[in-house]
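A, B, ... follow the sequence lines: proteins, then strands. Residue 1 opens every chain.
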Amino acid sequence: MQEATSKPSNFIREIVAEDVRTGAFHRRIHTRFPPEPNGYLHIGHAKAITIDFGIAAEFGGLCNLRFDDTNPIKEDTEYVDSIMEDVRWLGFDWDDRLYYASDYFEQLYQYAVRLIQLGKAYVCDLSPDEVREYRGTLTEPGRESPYRNRSVEENLDLFQRMRAGEFPDGARTLRAKIDMAAGNINLRDPVLYRIQHATHHRTGDRWCIYPTYDFAHPLSDAIEGITHSLCSLEFEDHRPLYNWLLETLGFVEPPKQIEFARLELTYTLTSKRKLRQLVEEGYVRGWDDPRMPTLKGLRRRGYTPAAIRELCERIGVNKTKGVVDIEYLEHLVREDLNRHAPRVMAVLRPLKVVLTNYPEGQEESFPVENNPEDPQAGTRLVPFSREIYVEREDFAENPPARFFRLAPGREVRLKGAYIIRCDEVVKDPATGEVTELRCTCDLQSRGGEAPDGRRVPGTLHWVSIRHAWPAEVRLYDRLFATEDPEAGGDFLANLNPNSLEVLTGCWVEPSLRTAKALDHFQFLRHGYFCVDPDSTPERLVFNRTVALRDTWAKIQRKSVAG
RNA sequence: UGGGGAGUCGCCAAGUGGUAAGGCACCAGACUUUGGAUCUGGCAUUCGCAGGUUCGAAUCCUGCCUCCCCAGCCA
C-alpha cells in the first residue's frame, strides 16, 4: 500500500484505498480481467490488464483471469490460448486463478431460478423484433410484455423446458422484471437468457440456453469474491442492472463496478471487427503483422512489455475519453531499448568504399562498445578490411549546409576504426550513379582518434564487405496515414500505402549471425530493430521497431520548408 | 426531447477553497567516436462559457454550451 501513495493518484486507486481504510469488504481486494475469447488482445486491452492486475497487486490482493464465454457462436479456444500467452507476455500472472464464465453455467441457472421464485424474472415469448418494439425508444417508455405476469410456476416450468431444448432459437427468453418505463434502457426488462442451439467451445452441447453478459458478469464477479469490477465506460449504463441483480439475489458486500476510459492511440484502430477485416482482406499479413496494434503484432515489431506497461502507467486512469499520441509509445520503447538493446552496425543501402592506402589482404578488428548507456555491456570485436560498405545517404557529391558526412575531399570517422577522406567518386558512366568511393585512411587514427587532435564532426557506421552478412530489413511506418483512421468514414481509404518497405540488399556485421528471433538491437544511427521469426542464419530478417530521433532529418525539413 | 458520462497547454495528466505538478511534442543552448543518448533553459496570469458565494475558486453554487455512450436474444 506504500506504492499506492508513491504513484500518481487516480480515482480508482482512491476508491479502493478508501474501501480498504473503511473496511468495506471483509475479504481481500480482488479484481479480474474478463476477456471474451473472440479475438486477439490489442494495445487497448493492455491498459485494462495493467489496471486490473496492478490495482490488485498494489493492495495486496489478487486478480483472476476469467474468460467471459457466454456466446458460443463467437468464441473459440484458439483465442483462449492466445489471450493467456499475451497476458503472460505483458508480464502478468493469474497463478491458478483461471476461470470461465461457462464454469458457472449451472450456478447461474440456479440463480435464474431463484429470480423467478422471487417474482423478479419471467419467461417471455416475444420475438426479437417484438422485444425491440416493446422496448420503446430513447425518449419514449417501453410497454410491458404480455407475458410479464405469468405465475412463478409457469415461469419455472417454461424455463426448465427452455433448458431441456423444447424450443427453437429465439422462441423465448428469460427476462428480468424491472421497469419498462426506466430512462435507462438497460432496466427495461433486460434479457437474461436466450435460446441458442450451438456447441460451446468448453461445455459442448450440454446447454442450449446461454446467459447474457448482463446476467453472467455480475454473478461471476460475485461468485469469485471480486471486490472491484473494473471495466470501460460503455458499461456505465449497465451498473444499475449489475447492482440490481446482486442486491435482488441478496449478495453481501457485493462487488463494485467502476468504469474508466479506454486507451486510444493516434494512427491506430482497435475495433475487433476492423482489425479482422484488415487481416481477412489481406491488408496486413496476419494478426501478428508488425503493423498491427495487437499484442502479437507489437511483440513481433519489437515493442517491449515494459514499454507498453509504462505507457499504461503514465497515461493515467480516468473517465475522460482521450486519444494518446502514438509518439508517446514510441518514446517509451526508445527509452527502454536505449537502456537495454545492444548496439550493432548495419548498412541498409550500401555504397562501396575502397581504402586505397590500406594494405590489400590485411584485416584487423576493433573493439566497439555494445551499449554506451551501460558500461557493463562491454565491447565486441568488429572486423575491418580494405573494402567496406557505408550508407548511401552518408555521402553527398554536393553536400548541403551542415552536412557532417562524406563528400569529395571531406573527412569522416568510421565508428571505432579510422578517419578517412574521400578522394575520388566512381560513377557508372551510363547512368551517372555513384558506384564506389575511393578514400584514404589516416593510418595514425586507429580507433577513430585523430593523432593531431583535429576535429572530425561526422561518425559513420560501416561493415567490412568481406565479413558482412546479408540481411533483409523491413521498415515499418504507421498503418494509417491519418491520425484518426476513421476520419472521412472509410478506414481503408486512410491506410498508409507506405507502411512497409522491404530492403533486401542489406549487410550487417558478423556478430549478428547468432541473433535469435525477437532479439532486440539498435542499428547504429538507424533505430531499434528486432529479429523477425522469419529469420534464418543464412538469411537474417529484421523488423524496424522505431527509428532513432533524427535531428538531421528535422534540420532538412526546416530548410526545405524555408 | 429520455438516461448515463466528460470538459485543465498541440496530446496525456496532477490538482479535492489558498493563489496552475509532471510526461510527450515543440523551441533555444551545452556536450557528444550514434546529427542517438544525456544535460540546461523556455513553453497555461489561466482551468468549456457566463454569473454568484468568498479575503481568496480550476476547486463551492446557479444557468448555459460542447462532446461521448445507450434503443443486440454482442460483450
Under 4.0 Å between a side-chain N/O of [X] and OP1 or OP2 of [N], yes or no?
X	N	answer
K558(A)	A28(B)	yes
T70(A)	A75(B)	yes
R132(A)	G72(B)	yes
K319(A)	G7(B)	no
R135(A)	C73(B)	yes
N338(A)	G36(B)	no
T459(A)	U32(B)	no
H331(A)	C24(B)	yes
R172(A)	C73(B)	no
R525(A)	G35(B)	yes
R194(A)	C74(B)	yes

Heavy atoms under 4.0 Å, any strand shown: does [X] hit a base, just sugar-phosphate, or nothing?
X	value
H461(A)	nothing
N318(A)	sugar-phosphate
E373(A)	base
T320(A)	sugar-phosphate
E310(A)	nothing
V323(A)	sugar-phosphate

Checking Y267(A) against E483(A): is there a side-chain donor and acceptor pair closer than 3.5 Å? no
Will you find, in the side chains of T50(A) and R309(A), an N or O donor that is under 3.5 Å from an N or O acceptor? no
Salt bridge check: are R525(A) and E393(A) linked by an N-O gap of less than 4.0 Å? no
Going by an N to O cut-off under 4.0 Å, is there a salt bridge joining D103(A) and R202(A)? yes
Is there a Watson-Crick or G-U wobble partner for G2(B) with both distances under 3.5 Å, and if so, which one is it? C70(B)
Scan every strand shown for a Watson-Crick or G-U wobble partner of C26(B), both distances under 3.5 Å, and answer none if you come up empty. G42(B)
[M] and [N], which share atom name [atom1], separated by this distance in whole Å:
N	M	atom1	result
U1(B)	G10(B)	P	30 Å
C49(B)	U8(B)	P	10 Å
G5(B)	C11(B)	P	25 Å
A20(B)	C43(B)	P	14 Å
A13(B)	A44(B)	C1'	14 Å
G48(B)	C55(B)	P	25 Å

Within 45° of the ring axis of Y99(A) and under 6.0 Å from its six-membered ring centre, is that where the NZ or CZ of R32(A) lies? no
Answer yes or no: side-chain N or O of [X] and base N or O of [N] forming a donor-acceptor pair under 3.5 Å.
X	N	result
E483(A)	G10(B)	no
Q522(A)	U34(B)	yes
N184(A)	G4(B)	no

Out of C12(B), G35(B), G23(B), which nucleotide sits closest to the side chain of I315(A)? C12(B)
Would H217(A) and Y213(A) count as a close aromatic pair, with their ring centres under 6.0 Å? yes
Which residue in the set K177(A), R135(A), R148(A) passes salt bridge (Lys or Arg N to Asp or Glu O under 4.0 Å) when paired with D189(A)? R148(A)
More 5' along RNA chain B: V317(A) or D69(A), using each one's nearest nucleotide? V317(A)
May I ask whether Y328(A) stacks on the base of G23(B), given the cut-offs of 5.5 Å between ring centres and 30° between planes? no
